[in-house]
Structures are given as structure tokens and as C-alpha cells.
Protein chains: 2
Amino acid sequence: MDGNVFNLKSKIEIYKAMADAGASFADCPVRDVIQGISGKWSSLLVMALSEKPYRFGQLRRLVPDISQRMLTQTLHDLQRDGYVHREVFATKPPSVEYSLTDLGRSMFGPLHELIQWAERNHSAVRDARAAFDAAAT
Amino acid sequence: MDGNVFNLKSKIEIYKAMADAGASFADCPVRDVIQGISGKWSSLLVMALSEKPYRFGQLRRLVPDISQRMLTQTLHDLQRDGYVHREVFATKPPSVEYSLTDLGRSMFGPLHELIQWAERNHSAVRDARAAFDAAAT
DNA sequence: CTGCATCCCAGATGATACTG
DNA sequence: CAGTATCATCTGGGATGCAG
């Protein structure tokens with residue numbers, strides 16, 4: 001009820017009407033917000049930061065196969081969208097700590113549910129893929 | 001409690017340990033499952049199909065700015081992961097109906113919560129972006 | 001109506017080297 | 001330590017034309 005005036009059926013049709021009317025990509029909440037957190041590394045980093053704040057190098061070690069470039073860029077994007085707070089400490093050498101903002105923690109609620117679903121149903125998805133590929137042979 | 005043996009802290013560290021041990025990309029549930037539904041069009045199509053089954057052309061009209069190629073490919077991928085059922089009717093000309101499977105409906109639960117969060121907080125994210133960009137000037 | 005094949009481009013990602 | 005810059009690469013995605 002709150003903040004969600006439309007039921008599901010009308011929602012998808014409203015998006016269509018918006019698109020038909022020439023509304024830009026950014027006007028569709030689903031695409032605009034979901035795309036911002038659906039990058040290759042975004043969900044993993046938000047998940048890590050949901051636990052506690054981390055420094056740049058710590059995050060890097062926590063996700064061993066991320067490149068320095070992608071770690072910098074993904075954190076930058078998450079910060080721009082308001083999910084992550086970046087704090088610089090003028091030590092020597094300098095250190096930078098990343099943490100979730102209130103908005104980030106709020107978003108992690110639903111995201112966490114999706115992550116838990118993924119963990120519970122990982123094997124089901126893998127089985128479906130295997131079955132599909134086998135049938136295609 | 002059910003089906004989720006690890007608390008959040010240990011989870012991210014377990015993923016790291018897995019990666020350190022040389023586990024492949026596909027062994028991380030977060031990446032393997034989340035990536036499959038984080039394509040540019042996946043969430044939108046699942047959202048449409050959660051309402052009711054649709055035919056190919058109907059989906060195309062519902063999402064006006066998707067190309068035929070991407071519609072075919074995204075539906076194919078969703079079917080491969082077990083979220084979507086594809087049924088061909090031998091009419092003339094032929095028609096094909098797409099619908100969510102039980103797994104797809106199950107996955108849409110958490111996804112829907114994320115979508116609702118996106119709708120509720122779309123403006124907050126946009127504001128954060130605007131503020132960030134303004135500060136960078 | 002539905003779907004596949006081909007060509008092609010822009011953006012996403014990675015590897016490496018360099019800097020405050 | 002925490003980046004930035006540059007170059008190379010890989011993939012997603014669009015346009016178009018053909019086919020069952």
C-alpha cells in the first residue's frame with residue numbers, strides 16, 4: 001500500500017507507456033537502479049561491506065580475482081549512487097576506509113534476500129543448465 | 001536458520017577461501033546466480049512474465065526498446081537457467097508462449113522486493129548521483 | 001509469427017606500468 | 001597504501017537480412 005500505488009499488472013504496462021511516450025532510460029526505476037547494482041562486482045562488494053567497513057587493500061584481498069582498476073571503479077560507482085561512504089585518513093601512507101551508508105544498508109536488505117535465494121537454489125540452477133544443455137545435444 | 005549455515009561474516013571469507021583454493025567462477029553462488037539474472041533485460045522480462053504468460057510478440061510490444069535479437073537471447077538464457085518455460089503451439093503461423101517455472105516464481109519473490117525497493121528509492125539514488133556529480137565539479 | 005545468422009560497434013573488463 | 005593512466009581484449013548489444 002505504502003508508496004506503491006500500482007499493482008504488478010499495471011506496473012509493466014506503465015513502463016511500456018512511459019517508453020512509448022519517449023521517456024528516457026533513466027526514468028524506469030527498475031533499469032536505472034537495478035543496473036547500478038548488477039555489475040560484475042557490485043553485489044559482492046556490498047555484501048562484504050555489509051559486514052563491516054573495509055579498507056581498499058582489505059577488499060582487494062577479500063575478493064582475490066578483482067583487478068585494482070575494477071575495484072576502484074566499482075567502489076566509485078557505488079559511492080556515486082549513494083550506497084557507499086568513502087573516508088580518507090591522512091596517515092602515512094594514506095589509508096581509505098569504505099563503509100555502507102544508510103541507503104546502502106537499506107538496499108542490502110532486499111539484496112541479501114536475493115543472495116540467500118541464490119545460495120539455496122544454486123544447485124537447482126546448475127541442474128537446470130546441465131539438463132538444458134544435455135537436451136540440446 | 002534454515003539452509004543457511006553460515007553467518008554473513010564467515011560467508012564472504014568462505015568465498016575468499018574458495019577463490020584462493022582455485023575454485024572456479026561458477027562455484028560462487030552469488031556470482032553464478034546473480035549474474036544470470038542481472039542482464040540488461042532479464043529482470044524486466046521476469047517481471048512481465050510474473051504477471052502472466054506472454055507470447056514473443058506481446059513481450060516485444062511490452063518492452064518497446066528491446067531488439068528482437070536480445071529478446072530471443074534473454075528468453076533463451078532464462079529458459080536455460082530454469083526460470084522460464086517455453087511452449088510452442090503448432091498453429092499457422094506458429095506461436096510461442098513463455099511463462100515462469102516454479103523456480104522462476106520462487107526467484108521472483110526476492111527479486112520483486114528489490115524491484116520495490118528500487119521504485120521506492122529511485123529518487124534518493126538520483127539525488128545522490130546529482131550531489132556527487134555536483135561536488136566533483 | 002518467431003527465430004537464427006551475420007556484421008559491427010561501444011562499453012565493460014583486464015594487464016601493466018607509473019604516481020602522491 | 002591507494003590510486004591513475006594507458007593499452008589490449010572480450011563481451012553485450014544493436015541493425016539488418018534471411019528462413020521455417
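The sequence lines fix the lettering, A, B, ..., with proteins before strands; numbering per chain opens at 1.
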Set of residues satisfying side chain to side chain contact (heavy atoms under 4.5 Å, CB included) with respect to Pro64(B), sequence neighbours excluded: Lys16(A), Ala19(A), Asp20(A)
Side chain to side chain contact (heavy atoms under 4.5 Å, CB included) against Asp127(A), all qualifying residues, sequence neighbours excluded: none
Once you round it to whole Å, what is the distance between C1' of dT2(C) and CD of Gln73(B)? 16 Å
Return the set of residues passing salt bridge (charged side-chain N to carboxylate O under 4.0 Å, His left out) with Arg69(B) (not counting sequence neighbours), or none when no residue passes. none
Taking only the side-chain nitrogens and oxygens of Lys40(B), find out if one of them lies under 4.0 Å from OP1 or OP2 of dG14(D). yes
What is the distance, to the nearest angstrom, from the CE atom on Met70(A) to the P atom on dA12(C)? 9 Å
Counting primed atoms plus P, OP1 and OP2 as sugar-phosphate and everything else as base, spell out the protein contacts along nucleotides 1-11 of chain D at 4.0 Å heavy-atom distance: B, S or - for each nucleotide, 5' to 3'. SBBB-B-----
Between Gln58(B) and Arg55(B), is there a donor-acceptor pair closer than 3.5 Å when you use the side chain of the first and the backbone of the second? yes
In whole Å, I'd like the distance from the CD1 atom of Ile66(B) to the P atom of dG12(D). 15 Å
Provide the full list of side-chain hydrogen bond (donor to acceptor under 3.5 Å, both in side chains) pairs with a residue in residues 90-101 of chain B, sequence neighbours left out, each pair given once. Arg86(B)-Tyr98(B)
Within this structure, what is the CG-to-P distance between Asp65(B) and dA15(D), rounded to whole angstrom? 10 Å
Residues in side chain to side chain contact (heavy atoms under 4.5 Å, CB included) contact with Ser42(A), at least two apart in sequence or another chain: Thr74(A), Leu78(A)
Round to a whole Å and report the spacing from CG of Leu71(A) to P of dG14(C). 11 Å
What is the separation between atom CG on Asp77(B) and atom C1' on dC4(C), rounded to the nearest whole Å? 15 Å
Report the distance from atom CD of Gln35(B) to atom C1' of dA12(C), rounded to the nearest whole Å. 11 Å
Atom CD of Glu87(B) to atom C1' of dC1(C): distance rounded to whole Å? 16 Å
